[in-house]
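Take a look at the structure below.
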Amino acid sequence: MKYGYFDDHAREYVITRPDTPLPWINYLGSEGFFSLISNTCGGYSFYKDAKLRRITRFRYNDVPQDCGGRCFWICDGDSVWSPAFLPAKTPLDLYKCRHGLGYSVFESSKDKVEAELTVTVPKGCDIELQKLTLRNAGGEKKRLTIYAAAEFCLWNAVDDSTNYQRNWNIGEVEIEGSTVYHKTEYRERRNHYAFYSVNAPIAGYDTDRDTFLGKFNGWGEAAAVRERTSFMSRASGWAPIAALRLEAELGPGEEKTYVFALGYVENEEDKKFSSPGIINKDKAHAMLEAFSTAERFDAAVAELREYWSGLLSRFSIRSGDERLDRMVNIWNQYQCMVTFNMSRSASYYESGTGRGMGFRDSCQDLLGFVHLIPERARERIIDIASIQFEDGSTYHQYQPLTKRGNGDIGSGFNDDPLWLVACTCAYIRETGDFSILEEPTPFNNEAGTETPLIEHLRRSLDFTMTHLGPHGLPLIGRADWNDCLNLNCFSKTPGESFQTCSNFESGKAESVFIAGMFVKYGTEYAELAERLGLGGEAEKLRGAVRDMEAAVLRFGWDGEWFRRAYDAFSRPIGSRENDEGKIFIEPQGFCVMAGIGGAEYGRRALASAEEYLGNEFGLELLSPCYSEYREYLGEISSYPPGYKENGSVFCHNNPWVTLAYCKIKDGEGAWRLYTRSAPAFIEDRSEIHRTEPYCYSQTIAGRMAQNYGEAKNSWLTGTAAWSFAAVSRGILGIRPEYDGLTVDPCIPACIEGFKVSRLFRGTRYEITVRRGNDKGLTVNGTRVEGNTIPMTDAPVCMAELVI
Ligand code: BGC
Ligand code: NOJ
């Protein structure tokens with residue numbers, strides 16, 4: 001069952017009913033100011049850091065769900081309705097939510113009044129704009145009372161929801177014309193404020209939440225709205241809000257447009273006040289002026305569309321399969337940009353108060369956005385490498401505001417360093433910018449420790465080579481990619497974090513997965529070193545890679561598939577010797593991608609993965625699921641069977657297997673797996689899948705779960721980047737290489753051929769892939785050996801590959 005449809009031409013997903021199985025959200029903003037917005041206008045805004053600069057409130061785990069985001073009410077006679085359905089909950093005659101790239105539009109109507117509400121964050125300005133157009137579609141004059149409200153968060157989202165003895169005292173506002181200023185704490189250490197405004201004279205306001213709502217009421221029953229009045233309340237402590245009231249008269253056919261604005265401003269120290277205690281509002285005035293008319297709003301939306309057209313034109317395909325095209329051309333790339341902006345911080349599942357930027361997460365995300373924003377990818381790589389320690393190990397996370405390593409979670413995730421090699425090589429292949437390797441980069445952000453970035457890569461690889469266990473396989477440390485496989489942890493204390501507990505008993509547990517990574521990325525580094533004329537270094541590394549391959553084939557192969565690990569007692573994990581958790585997905589994906597054992601081992605490993613892990617939504621992480629908690633395994637066995645790391649389809653690692661299929665040239669296998677979890681391909685099962693059909697989720701409950709097929713944790717997942725890598729580099733086979741763009745598709749029989757338009761190092765490549773007898777690559781009309789289009793300076797390059 002579907003709850004909407006894709007409008008590919010507009011690059012929108014159109015939701016046709018408010019009661020989606022879960023809130024279906026969108027992201028607004030691409031620089032400093034960000035907003036989450038659901039299909040009923042829920043969500044919140046923040047400036048740069050979802051924990052430290054939260055602008056509006058949101059209550060995770062609230063009842064009812066998703067209330068109190070952006071609140072609009074239209075009072076028409078006795079009826080009160082909301083253009084996005086919530087908070088009024090009045091059934092609408094028409095409801096549509098169109099989530100587009102950086103904006104969302106709500107179209108609704110009730111009793112012959114039509115509303116169109118467009119919400120966006122324009123480029124270059126720290127403001128959320130909400131344009132509301134009301135039209136009288138009837139034959140009678142309409143007298144409408146309109147309310148719009150926002151509830152301010154007292155800046156630090158954690159403090160805001162915990163430290164009530166203090167924060168029920170600090171709320172303060174200023175009111176000027178149609179603008180409410182949220183000036184809480186502005187008088188002391190802060191130089192920033194927020195505001196909510198509308199570009200028309202207001203008939204009244206409220207700024208104290210409890211006065212506006214009235215006793216015992218939620219947002220759906222606000223007293224002021226019910227009484228069609230404003231109490232003109234002035235917040236003093238408690239919960240400051242901005243509730244604006246407008247009165248409008250619309251003759252038949254007449255329409256009126258308002259632009260509401262929620263803005264954030266920082267003032268210079270010496271320009272904080274316009275008079276004692278009064279905020280200097282110059283910047284807010286200028287921002288409001290810049291978007292004071294519907295035309296200016298429309299121009300901002302047009303600019304945003306241009307921006308997205310520019311970004312997405314860097315890679316687009318025409319394949320004849322509209323679901324594939326919409327994933328590749330629009331939604332998968334859009335999600336990659338969202339993960340670039342948000343990392344794992346703010347979604348409807350990530351509270352914005354927990355995790356900083358993950359080392360491994362950020363490195364992997366980069367694989368999905370490097371072709372879109374190469375300059376920012378460069379900066380990101382340096383930020384990430386700067387939290388590495390001199391021995392090659394690294395902090396697991398850093399804070400986006402300070403860019404410092406996060407001491408609370410510390411280090412010890414032994415896969416982390418290798419991801420730096422992965423993303424740096426990908427960056428150079430995309431851009432040809434070898435100079436990044438020379439960039440002075442500190443260790444642990446300490447001034448004076450700067451060394452060229454390439455030294456960081458060396459230390460990453462060295463770290464793996466110098467931390468091998470009894471089988472010659474890499475030591476796992478706290479955990480590898482699978483944060484929940486905590487083989488050295490032995491946690492017995494309820495509530496203790498598996499990520500930070502210190503109970504290392506032997507420290508000798510080993511990871512076959514990291515071994516696969518080392519073979520893959522060690523080889524990539526060796527190729528890079530050869531290009532740089534570092535032959536000796538390359539040779540040494542190739543030797544270490546060969547040893548690692550041998551160790552995997554000797555101790556990491558279980559007969560039918562790759563093992564997962566060795567535990568702290570050197571017993572195999574992910575082996576037929578185990579009673580549960582006999583086979584894991586991660587090493588099948590990575591070891592086959594790395595080419596360990598060649599196509600022969602690859603075919604067997606992938607056939608086993610399909611046989612034991614396959615369900616209709618993809619491949620489960622492991623099988624059989626752990627049915628009880630086992631101390632020597634850690635968090636993985638703390639989840640009920642079929643959920644999360646304990647045997648769900650953990651979407652992130654499915655594209656590894658898709659790429660593994662491509663590695664062994666099995667186009668049917670790659671396609672079968674890709675299409676099983678790609679959101680657009682399972683749109684018609686939305687009532688089971690439940691999360692948004694236009695983005696990937698982290699996890700889809702496995703066969704052992706009660707709610708088999710139900711997805712969770714949408715948006716902020718490495719699945720976005722890896723899925724894009726799998727489809728673009730694997731299935732379509734468009735791969736940036738040092739010497740040019742390679743075209744090496746691995747497509748199923750059902751795809752006849754396709755066309756790609758790809759911007760690569762300043763040249764636009766127009767590539768056609770088709771089936772035929774005259775096999776081979778032709779570039780600008782000339783036959784070329786092999787599969788790589790040689791580098792060119794020309795603005796456009798035409799290529800055709802016949803397969
Ligand atoms: C989750 C993992 C996550 C880890 C670290 C665990 O509870 O299951 O998916 O990586 O927390 O945040
Ligand atoms: C989510 C985390 O963000 C990621 O770093 C980890 O690899 C996966 N969970 C698997 O545990």
Side-chain angles (χ1 to χ4, degrees), residues 335 338-340 342-347 349-368 384 394-398 406 408-420 422-423 476-487 489 491 494-501 511 513-514 516-517 564-565 581 584-587 589-590 619-622 625-626 629 633-656 696-702 705 711-723:
Q335 191 177 357
V338 170
T339 58
F340 165 72
M342 298 288 129
S343 187
R344 303 294 172 271
S345 71
S347 73
Y349 305 83
E350 300 278 10
S351 65
T353 63
R355 298 198 254 172
M357 310 273 291
F359 191 99
R360 80 158 81 88
D361 293 332
S362 300
C363 290
Q364 290 173 84
D365 289 349
L366 198 134
L367 306 176
I384 298 169
T394 171
Y395 277 117
H396 192 49
Q397 291 174 2
Y398 69 100
N406 181 344
D408 295 343
I409 177 131
S411 62
F413 296 82
N414 284 356
D415 61 318
D416 273 338
L418 292 176
W419 294 114
L420 182 64
C423 73
I476 201 168
R478 276 193 182 288
D480 59 21
W481 172 87
N482 190 330
D483 278 339
C484 299
L485 193 60
N486 316 115
L487 301 178
C489 170
S491 175
E496 179 178 50
S497 162
F498 290 95
Q499 311 295 309
T500 54
C501 68
S511 163
F513 170 76
I514 301 182
M517 277 187 87
R564 178 63 178 83
F584 281 62
I585 189 173
E586 303 98 311
F590 246 84
L619 299 179
E620 293 167 358
L621 191 144
L622 60 83
C625 305
Y626 296 109
Y629 178 59
L633 293 174
E635 183 167 358
I636 196 165
S637 60
S638 76
Y639 285 110
Y643 288 109
K644 288 280 274 182
E645 280 85 347
N646 191 14
S648 74
V649 173
F650 209 93
C651 302
H652 184 141
N653 47 40
N654 275 245
W656 297 343
Y696 284 95
S697 297
Q698 183 199 54
T699 169
I700 305 173
K712 289 199 187 92
N713 201 357
S714 56
W715 283 104
L716 305 186
T717 158
T719 314
W722 275 108
S723 297

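Just follow the structure's listing: the first ligand is 1, and inside any ligand the first atom is 1. Fair warning: this is a prediction, and the values are worked out from it, not measured in the lab. Reckoned from all heavy atoms, side chains included, excluding hydrogens, waters and symmetry mates.
When all heavy atoms are compared, the tightest approach of Thr339 to Trp715 is CG2-O, 3.6 Å.
The shell of residues lying under 4.0 angstrom from ligand 1, judged by heavy atoms, excludes Phe498.
Annotation: atom 9 (O) of ligand 1 to nearest protein heavy atom, Glu645 OE2, 2.6 Å. Here the heavy atom of the protein found nearest to atom 6 (C) of ligand 1 is Glu635 OE2, 3.1 Å.
For Arg478 (side chain) and Ser411 (main-chain N/O), a donor-acceptor pair under 3.5 Å exists by modelled atom type. At least one donor-acceptor pair closer than 3.5 Å links the side chain of Ser637 to the backbone N or O of Gly634. With hydrogens and angles disregarded, no donor-acceptor distance shorter than 3.5 Å links the side chain of Asp415 to the backbone of Ile514.
Partner His652 forms a side-chain hydrogen bond (donor to acceptor under 3.5 Å, both in side chains) with one of Gln698, Glu586, Gln364 and no other, that one being Gln364.
Ser343 and Ser345 form no side-chain donor-acceptor contact under 3.5 Å, judged by distance and modelled atom types alone. Between the side chains of Asp416 and His396, at least one donor-acceptor pair of N or O atoms lies under 3.5 Å.
Using a 4.0 Å cut-off to heavy atoms of Gln698, the atoms of ligand 1 that qualify are 9 (O). The distance from ligand 1 to the heavy atoms of Lys644 drops below 4.0 Å at these ligand atoms: 1 (C), 2 (C), 8 (O), 9 (O). Interface of Asp483 with ligand 1, defined as ligand atoms under 4.0 Å from a residue heavy atom, comprises 3 (C), 4 (C), 5 (C), 10 (O). The contact set between ligand 1 and Tyr639, taken as ligand atoms under 4.0 Å from a residue heavy atom, comprises 1 (C), 6 (C), 7 (O), 8 (O). For ligand 1, the atoms closer than 4.0 angstrom to any heavy atom of Arg355 are 12 (O).
Contacts of Arg344 with ligand 1, taken as heavy-atom pairs under 4.0 Å, are absent altogether.
Contact of the Phe650 side chain with the Trp481 side chain is registered, since non-hydrogen atoms from C-beta on lie closer than 4.5 Å.
Between Asp480 and Arg564 there is a salt bridge, since a side-chain N of the basic residue sits under 4.0 Å from a carboxylate O of the acidic one.
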Could you check ligand 2 for N or O atoms lying under 3.5 Å from protein N or O atoms and list the pairs with distances?
unit_1: ligand 2; atom_1: 3 (O); unit_2: Arg355; atom_2: NH1; d: 2.7
unit_1: ligand 2; atom_1: 3 (O); unit_2: Asp361; atom_2: OD1; d: 3.3
unit_1: ligand 2; atom_1: 3 (O); unit_2: Asp361; atom_2: OD2; d: 3.0
unit_1: ligand 2; atom_1: 5 (O); unit_2: Arg360; atom_2: NH1; d: 2.8
unit_1: ligand 2; atom_1: 5 (O); unit_2: Asp361; atom_2: OD1; d: 2.7
unit_1: ligand 2; atom_1: 5 (O); unit_2: Asp361; atom_2: OD2; d: 3.4
unit_1: ligand 2; atom_1: 7 (O); unit_2: Arg360; atom_2: NH1; d: 3.3
unit_1: ligand 2; atom_1: 7 (O); unit_2: Trp481; atom_2: O; d: 2.5
unit_1: ligand 2; atom_1: 7 (O); unit_2: Trp481; atom_2: NE1; d: 3.0
unit_1: ligand 2; atom_1: 11 (O); unit_2: Trp481; atom_2: O; d: 3.4
unit_1: ligand 2; atom_1: 11 (O); unit_2: Asp483; atom_2: N; d: 3.1
unit_1: ligand 2; atom_1: 11 (O); unit_2: Glu645; atom_2: OE2; d: 2.6

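Annotation: Phe413 is not in aromatic contact with Trp419 [ring centroid separation under 6.0 Å not met].
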